[in-house]
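Worksheet for the structure shown next.
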Amino acid sequence: MAKRKQDDFEWQNEEQEEIIWVSKSEIKRDAEALKKLGEKLVELTPAKLDKIPLDDNLQEAVFLAQRLQKEARRRQLQYIGKLLRNTDVEPIQEALDNIENKHLQQQVVLHKLELLRDELIEQGDTVLTRLLNDYPQADRQQLRNLIRSAKKEREQNKPAKAYRELFQCLKEIFLTESL
């Protein structure tokens, strides 16, 4: 048998890109992550889904998965994961993160309103004056009545009707200001 010369192997002389070996387990983990991204997309409302940059095939697959149940839905989610493997998922993930972050921001605002409500009941006029300086469109008389009623409810251990109404009133004030 003849020996081959070193020159016979051209691939040894040329600079080649480094080959990155990916394990089968890593490929499966990536596929599972894409499938979970697809599940998140399927769970979105149509209004939120319009805010996400999806190509036509992927959008149709998501809409179909929203209508399916049980085994058909599972297979459709597998298909969505396969479609996501062939697309750039970074813009999709960013848009999804923005939508989820908006929800978290709304929760933070609601917690701040709860704290403000408690401060109004505990401290009264000083906090109310500060609130009215920031939001002059607020109805001073209505707020004072709700604060007074909430204090009475708390003292007499009655159901917290005015307490909830005060929160709704504060929520309206903040929503009209943000629009």
Side-chain angles (χ1 to χ4, degrees), residues 17-121 127 130-132 134-139 142-143 146 150 159-179:
E17 294 181 24
E18 184 179 326
I19 298 174
I20 300 173
W21 296 100
V22 181
S23 70
K24 195 173 183 180
S25 299
E26 189 172 348
I27 293 171
K28 287 180 180 180
R29 281 191 297 272
D30 291 344
E32 189 64 29
L34 291 175
K35 192 172 120 182
K36 287 186 181 190
L37 177 65
E39 288 177 20
K40 286 182 181 180
L41 292 174
V42 170
E43 297 300 320
L44 293 176
T45 62
K48 289 181 181 177
L49 203 54
D50 289 339
K51 297 176 184 176
I52 296 181
L54 299 174
D55 62 353
D56 293 336
N57 289 339
L58 191 56
Q59 193 170 21
E60 286 179 26
V62 169
F63 286 140
L64 179 60
Q66 288 176 338
R67 293 189 308 254
L68 297 175
Q69 294 177 356
K70 298 186 181 181
E71 183 64 19
R73 183 182 175 105
R74 186 194 66 78
R75 287 192 310 269
Q76 188 67 15
L77 288 172
Q78 292 277 44
Y79 177 66
I80 290 170
K82 182 179 177 183
L83 290 176
L84 286 171
R85 281 184 232 141
N86 299 327
T87 59
D88 184 20
V89 295
E90 210 170 292
I92 296 171
Q93 186 65 48
E94 285 178 16
L96 195 59
D97 290 343
N98 286 340
I99 290 171
E100 290 173 352
N101 189 23
K102 196 171 194 179
H103 176 71
L104 292 176
Q105 288 174 348
Q106 289 173 346
Q107 284 183 333
V108 167
V109 168
L110 293 178
H111 287 297
K112 285 182 180 180
L113 288 176
E114 289 174 352
L115 291 173
L116 178 62
R117 172 186 61 190
D118 293 338
E119 285 180 16
L120 282 169
I121 293 171
V127 178
R130 196 174 63 217
L131 176 69
L132 291 171
D134 293 340
Y135 301 96
Q137 80 278 8
D139 186 6
Q142 180 188 15
L143 287 171
L146 290 173
K161 182 180 175 188
Y163 187 75
R164 288 189 300 272
E165 286 179 19
L166 180 59
F167 179 78
Q168 292 302 322
C169 184
L170 290 172
K171 190 172 161 184
E172 274 184 37
I173 292 169
F174 277 84
L175 287 177
T176 55
E177 179 68 25
S178 65
L179 296 176

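The local environment of CD in Gln106 is crowded, with over 12 non-hydrogen atoms from other residues, nucleotides or ligands closer than 6.0 Å. Environment of CD in Gln69: sparse, with no more than 12 heavy atoms of neighbouring residues, nucleotides or ligands closer than 6.0 Å.
When all heavy atoms of Ala61 and Leu83 are compared, the closest pair comes out as CB-CD1, 3.9 Å. Closest heavy-atom contact between Arg73 and Val42: NH2-CG1, 3.2 Å. Across all non-hydrogen atoms, the minimal contact from Leu41 to Val62 is O-CG1, 3.8 Å. For the residue pair Glu165 and Leu146, the shortest heavy atom distance occurs at OE1-CD2, 3.4 Å. Between Ile80 and Ala65, the closest heavy-atom pair is CD1-CB, 3.9 Å. Ala138 and Ile173 get closest at one heavy-atom pair: CB-CD1, 3.5 Å.
Ion pairing of Lys36 with Glu39 is absent here, as no side-chain N (NZ or NE/NH1/NH2) approaches a carboxylate O to less than 4.0 Å.
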Stepwise, does the side-chain hydrogen bond (donor to acceptor under 3.5 Å, both in side chains) test hold for Asp97 with Gln93? CA-CA 6 Å; Asp97 290 343; Gln93 186 65 48; 3.1 Å; yes
For the pair Lys40 and Glu43, evaluate salt bridge (charged side-chain N to carboxylate O under 4.0 Å, His left out) and give the outcome as yes or no after the intermediate values. CA-CA 5 Å; Lys40 286 182 181 180; Glu43 297 300 320; over 6 Å; no
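We find the CG-CD distance between Leu44 and Gln66 to be 8.0 Å, quoted to the nearest 0.5 Å. Atoms CG and CD, on Leu68 and Gln76 in that order, are 6.0 Å from each other to the nearest 0.5 Å.
Gln59 places no side-chain N or O within 3.5 Å of a backbone atom of Leu49 that could act as its donor or acceptor partner.
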